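One structure below.
Note that the structure is predicted; figures quoted are calculated from it, not measured. Position 1 is the first residue of the sequence, and the numbers go up from there.
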Amino acid sequence: NRLPEDDALGALFDRFLRDYMGRFRFTSITTEEFRDFLEERLPGVAREVGLDVWLHGTGMPANAPVFRSKVLEDLTSLAAGWTAGKRPGAAQIAAWKPSEMLIYLQNLPREMDRASCEWLDSKMSLTGRGNYEILVEWLAIAAGSDYEPVFPRVREVLTRVGRMKYLRPLYMALGKHPRTRELAREIFDAAKNGYHSLSRRVAETVMEKYPR
């Protein structure tokens, strides 16, 4: 529940932001100018919040807010239990939003045995996904696990998509096994002319680190 003083502080800060934007719009200011303006409009606040630590300290200050999400904690805990045999149920998977499925996949082991890959793909229909955030996360796991059924989809994605955020994790995952390294080089030779020069260089840099 909000307290009256919370509303009062919120109104003060809203006014401070309006005044700040009104005075400094279309300009650049120094840290010292910001501090002077803060002290002018909200006297004593800089000292109260320990602004020096925020500006010049290392790491997160002790008074930094701590945010918790039960959904996030549940998803990461569930993924952490994979090697111990912990699995989400069908109803649980069906209820996940795309962002929740992505978080789950991001926290799974990067290499799995064939049975684990088959379970994931069959229960979550991952290889056929059109959402590239989820698809590439899955393909990075599967390619890093030398899971051959996804190879055609990996080829398709790397041939059609040139964004570095997708190329990098896939080429990195393909570098974990001899067979997938050869696949990566083959795909790159066929697709490189369609990549932006920066994306092409990223893929080349990743493959240069492959074991020979």
Side-chain angles (χ1 to χ4, degrees), residues 59-60 64-188 190-191 195 199 202-203 205-211:
M60 291 298 292
V66 177
F67 301 100
R68 294 191 59 189
S69 166
K70 186 177 186 306
V71 173
L72 177 61
E73 291 171 356
D74 289 346
L75 288 168
T76 54
S77 175
L78 180 61
W82 179 272
T83 54
K86 200 171 183 179
R87 302 288 185 269
Q92 192 174 12
I93 293 170
W96 281 346
K97 300 174 183 176
S99 58
E100 293 168 344
M101 179 171 287
L102 179 61
I103 290 170
Y104 178 72
L105 292 173
Q106 287 172 336
N107 287 276
L108 288 176
R110 297 294 90 183
E111 293 189 53
M112 299 183 173
D113 58 30
R114 185 181 181 89
S116 295
C117 289
E118 288 175 344
W119 189 95
L120 274 173
D121 202 12
S122 65
K123 300 299 182 183
M124 300 184 187
S125 303
L126 295 169
T127 304
R129 294 267 170 176
N131 181 325
Y132 271 64
E133 299 295 324
I134 292 175
L135 175 61
V136 171
E137 193 66 37
W138 155 242
L139 293 180
I141 294 172
S145 303
D146 196 19
Y147 183 56
E148 187 175 7
V150 302
F151 289 180
R153 190 70 160 131
V154 171
R155 182 188 300 275
E156 178 187 343
V157 171
L158 289 177
T159 301
R160 295 179 57 186
V161 177
R163 295 184 65 186
M164 284 189 283
K165 69 175 293 186
Y166 299 140
L167 298 183
R168 189 194 302 272
L170 285 179
Y171 277 112
M172 289 179 64
L174 289 167
K176 295 181 179 179
H177 305 277
R179 179 167 63 164
T180 54
R181 287 195 288 273
E182 288 306 310
L183 177 64
R185 295 185 180 104
E186 177 191 332
I187 294 172
F188 179 77
Y195 293 161
S199 297
V202 165
T205 300
V206 170
M207 291 190 294
E208 284 168 2
K209 298 177 182 177
Y210 286 0

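- Asn131 places none of its side-chain heavy atoms less than 4.5 Å from the side chain of Leu102.
- Contact annotation: the side chain of Pro65 approaches that of Phe67 to within less than 4.5 Å [non-hydrogen atoms, C-beta and beyond].
- No donor-acceptor pair closer than 3.5 Å links the side chain of Asp146 to the backbone N or O of Arg179.
- Side chains of Glu111 and His177 form a contact here, defined as non-hydrogen atoms less than 4.5 Å apart.
- Residues Pro178 and Tyr210 fail the side-chain proximity criterion, which asks for heavy atoms closer than 4.5 Å.
- Looking at heavy atoms from C-beta onward, Leu174 lies in side-chain contact with Leu158 at the 4.5 angstrom threshold.
- Considering only heavy atoms from C-beta on, Met101 stays 4.5 Å or farther from Glu137 through its side chain.
- Between the side chain of Arg110 and the backbone N or O of Leu108, at least one donor-acceptor pair lies under 3.5 Å.
- Note on ring orientation: taking the six-membered ring where Trp is involved, the planes of Phe188 and Tyr195 are tilted (angle from 30° to 60°).
- Between the side chain of Thr76 and the backbone N or O of Leu72 there is at least one donor-acceptor pair closer than 3.5 Å.
- Between Arg185 and Glu182 there is a salt bridge, since at least one side-chain N of the basic residue sits less than 4.0 Å from a carboxylate O of the acidic one.
- To the nearest 0.5 Å, atom CG of residue Leu139 and atom CG of residue Leu105 are 10.5 Å apart.
- Relative orientation of the Trp96 and Tyr104 rings is tilted, given thresholds of 30° and 60° on the angle between their planes.
- Nearest heavy atom pair, residue Val136 against residue Pro169, reads CG1-CG, 4.1 Å.
- With Arg129 contributing its side chain and Ile134 its backbone, the two residues share no donor-acceptor pair below 3.5 Å.
- Side chains of Arg114 and Pro149 form a contact here, defined as non-hydrogen atoms less than 4.5 Å apart.
- With no hydrogens or angles considered, a side-chain donor-acceptor pair links Ser116 and Asp113 at under 3.5 Å.
- Side-chain contact between Phe151 and Thr180 is present, with at least one heavy-atom pair separated by less than 4.5 Å.
- When all heavy atoms are compared, the tightest approach of Arg155 to Ile187 is CA-CD1, 3.6 Å.
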